[in-house]
Amino acid sequence: MSSRSVLILGGTGTLAATAEDLARSGASVTVTCRRPELAPPHWHDLGIRVLRNDREDVDALDDLVGDGLDGIVDGQCYSPAHAADLARWSTRCEGTVMLSSRAVYVDALGNHANSDVRPVWDRPTSEENQTLDYAGEPWNSREGYGTNKAEAERVLAASGRRVSVLRPARIHGPSTRRVREWPLLAALLAGTRRILVQKAEEAGSLTSTLTISRAVSACLRAPDARKVNVADAPTATNLEVARILASSWGAEAEIVAAGDGGPVGGPGIASEPEPGTALIPGAWATGQELEGRRLTELIGTPPEVRSTLERTAGWVGELARRAPDGHWELPEQFDGS
C-alpha cells in the first residue's frame with residue numbers, strides 16, 4: 001500500500017473493514033464518526049485514530065486535510081454540497097474515493113431503486129448506464145437519496161481531482177449498520193424449523209465490505225478519475241443467500257420459497273406462514289446485476305459471494321445476544337429490520 005496517510009469520513013460502519021485493511025498494510029489511518037465509542041477496541045492496536053466529527057463540520061475537516069493527504073475516502077458524501085467540499089479536498093490529496101450507490105441508476109423507463117414503480121433490469125448494468133437527474137430533493141429522503149448521489153458524482157467529475165467513485169449494490173459484512181441477515185438468524189435461534197423466503201428466485205448483485213475494501217485500496221494505489229461498480233461474484237438469488245447463511249450457522253431448518261401473490265417453488269408454499277414457520281424478507285438480491293468488468297480490471301477476480309456470505313454469517317452470529325427477557329437481539333447500534 002503506497003498511501004501513507006488516509007482519512008476516512010464515516011469509517012465505523014461500512015468502511016470499517018477498509019480502515020482495518022489499510023492500517024494492516026502500513027497506512028496511517030484516521031477515521032471520523034459521530035460515535036467514537038462504537039470503534040472496535042482492537043483498532044487501538046492497529047494504530048487507527050478515531051475522531052468525533054459531523055460531516056457538516058467543514059472547518060474541522062478542512063483542518064484534518066490540512067496541506068494534503070495521501071488518500072481521503074468519503075463514506076458520507078450524500079449531496080452536491082458534500083461533493084463540492086470533497087472536490088476541494090481532492091485537490092490536496094494524492095487519491096480520493098467517494099462511496100456512491102447503485103441507487104444512481106435508472107432503467108429504460110426512468111425507474112430506479114427507490115421509485116414507486118420497480119425498475120426492470122433486462123441486462124447487467126454498466127457504469128455507462130443513465131443515472132438520475134437532480135431537482136433539489138433532500139438527500140435524506142427516499143426519492144432524494146439516489147438523485148443526490150448522482151449529482152454528487154457529477155460535481156466531483158467537474159471539479160474534483162482524480163476522484164474514484166464506487167457504486168456498490170446491497171452491502172453486507174462486518175460492521176454494516178443494516179444487518180439484513182438478522183430476521184433469518186433470529187428465526188433460527190428461536191427454533192423455527194421451516195423458513196419461507198420472500199422474492200426467493202429474484203437474483204442480483206451483492207457487495208461485501210471485503211470487496212469494498214479491496215476496491216478502495218486499489219483506487220488509492222493508482223489514483224485516477226473513474227466510476228466502478230463494486231460487487232461480489234457471481235450474482236445470487238435470495239433463496240440461495242438464505243441457504244448459504246443457514247448452512248454457515250449449522251442450521252437444519254427447511255428453507256423454501258414463499259409465494260409473492262401466489263405459490264412459488266412448489267405446491268403448498270404460500271405467502272403467509274403457517275404455525276411453526278417463519279416468513280423472512282428476501283432482502284439481498286434486487287433483480288439488478290452490476291456489470292463487473294471495470295472492477296475486475298481494478299482488483300482482479302472479485303471475492304466469491306459464497307465466501308463473503310459465510311464471513312458475514314460468522315460476524316452476525318457473534319453479534320447475537322440474549323436480552324434480559326430471554327429473546328435474541330442485536331446491539332442497539334445495528335438495524336436488524
Mind checking whether [X] and [Y] have side chains closer than 4.5 Å, heavy atoms only?
X: Leu22; Y: Ser217; value: yes
X: Thr237; Y: Glu202; value: no
X: Val241; Y: Leu206; value: yes
X: Arg180; Y: Ser337; value: no
X: Arg167; Y: Lys227; value: yes
X: Cys93; Y: Val65; value: yes
X: Ser90; Y: Leu156; value: no
X: His42; Y: Glu20; value: yes

Treating Ile, Leu, Val, Met, Phe, Trp and Tyr as nodes and any side-chain heavy-atom pair under 4.5 angstrom as an edge, say whether [X] and [Y] lie in one connected cluster.
X: Val6; Y: Val31; value: yes
X: Val163; Y: Val228; value: no
X: Leu188; Y: Val179; value: yes
X: Val165; Y: Trp89; value: yes
X: Ile195; Y: Trp328; value: yes

Apart from Tyr105 itself, members of its ILVMFWY cluster (side-chain separation under 4.5 Å) are Val104, Trp121, Leu290
Going by the rule side-chain contact (heavy atoms from CB on, under 4.5 Å), which residues pair with [X] if we only count those two or more places apart in sequence or in a different chain?
X: Leu51; answer: Thr30, Arg49, Leu64
X: Ala186; answer: Trp182
X: Ser164; answer: Val97, Cys219, Arg226
X: Asn114; answer: Ala103, His112, Arg142, Tyr145

Distance in Å, [X] [atom1] paired with [Y] [atom2], rounded so as to fall on 0.5 Å steps:
X: Ile8; Y: Thr14; atom1: CD1; atom2: OG1; answer: 11.5 Å
X: Asp54; Y: Leu61; atom1: CG; atom2: CG; answer: 8.5 Å
X: Ser248; Y: Leu309; atom1: OG; atom2: CG; answer: 7.5 Å
X: Ile171; Y: Thr207; atom1: CD1; atom2: OG1; answer: 6.5 Å
X: Glu137; Y: Asn148; atom1: CD; atom2: CG; answer: 6.5 Å
X: Leu239; Y: Glu201; atom1: CG; atom2: CD; answer: 5.5 Å

Applying ring-ring contact (aromatic ring centres under 6.0 Å, His included) to Trp249 and not counting sequence neighbours gives none
Residues passing the ring-ring contact (aromatic ring centres under 6.0 Å, His included) test with Phe334, sequence neighbours excluded, are Trp315
Step by step, would you call Thr18 with Ile212 a side-chain contact (heavy atoms from CB on, under 4.5 Å)?
-> CA-CA 7 Å; Thr18 300; Ile212 291 173; 4.1 Å; yes
- Item | side chain to side chain donor-acceptor pair (under 3.5 Å) evaluation trace for Arg102 with Gln288 | CA-CA 9 Å; Arg102 74 175 187 97; Gln288 183 180 22; 2.8 Å; yes
Test side chain to side chain contact (heavy atoms under 4.5 Å, CB included), reference Val106, set Leu132, Asp133, Thr147, Thr125, output is Leu132
**Message:** Quick one, Arg177 with Asp335, criterion salt bridge (Lys or Arg N to Asp or Glu O under 4.0 Å). Give me CA distance, side-chain angles, the key distance, then yes/no.
**Reply:** CA-CA 6 Å; Arg177 294 286 183 249; Asp335 177 5; over 6 Å; no
Scanning both residues in full, the closest heavy-atom pair of Leu210 with Arg311 reads CB-NH1, 3.4 Å
Q) Does the side-chain contact (heavy atoms from CB on, under 4.5 Å) test come out yes or no for Val73 and Leu9, once each step is laid out? A) CA-CA 6 Å; Val73 184; Leu9 307 183; over 6 Å; no
For Asp232, the side chain to side chain donor-acceptor pair (under 3.5 Å) test, sequence neighbours excluded, returns His172, Ser208, Thr211, Thr308
Determine, step by step, whether Asp67 and Arg92 satisfy the salt bridge (Lys or Arg N to Asp or Glu O under 4.0 Å) criterion, reporting the C-alpha distance in whole Å, the side-chain angles of both residues, the deciding distance to 0.1 Å, and the verdict. CA-CA 6 Å; Asp67 293 331; Arg92 292 184 253 161; over 6 Å; no
Applied to residues 295-306, the side chain to side chain donor-acceptor pair (under 3.5 Å) test, sequence neighbours excluded, yields Arg293-Glu297
Next on the checklist: I'd like to know whether Leu245 forms a side-chain contact (heavy atoms from CB on, under 4.5 Å) with Glu181, so could you lay out the CA-CA distance, the side-chain angles of the two residues, the decisive distance to 0.1 Å, and finally the verdict.
Outcome noted: CA-CA 8 Å; Leu245 293 169; Glu181 299 73 30; 3.6 Å; yes
Donor-acceptor contacts under 3.5 Å from residues 80-88 side chains, at least two apart:
| from | atom 1 | to | atom 2 | distance (Å) |
| --- | --- | --- | --- | --- |
| His82 | ND1 | Gln76 | O | 3.4 |
| His82 | ND1 | Tyr78 | N | 3.1 |
| His82 | ND1 | Ser79 | N | 3.4 |
| His82 | ND1 | Ser79 | OG | 3.3 |
| His82 | NE2 | Glu56 | OE2 | 2.7 |
| Asp85 | OD1 | Arg88 | NH2 | 3.2 |
| Arg88 | NH1 | Asp62 | OD1 | 2.7 |

Checklist entry - Do other residues, nucleotides or ligands put more than 12 heavy atoms under 6.0 Å from Arg123 CZ? => result no
**Asked** Quick one: do the Thr286 and Arg118 side chains pair a donor with an acceptor below 3.5 Å?
**Response** no
Assess, by modelled atom type and distance only, whether the side chains of Glu289 and Ser205 contain a donor and an acceptor separated by less than 3.5 Å. no
By salt bridge (charged side-chain N to carboxylate O under 4.0 Å, His left out), Asp21 pairs with (sequence neighbours left out) Arg24
Contacts of Arg35 meeting salt bridge (charged side-chain N to carboxylate O under 4.0 Å, His left out) (sequence neighbours excluded), chain-then-number -> Glu37, Glu332
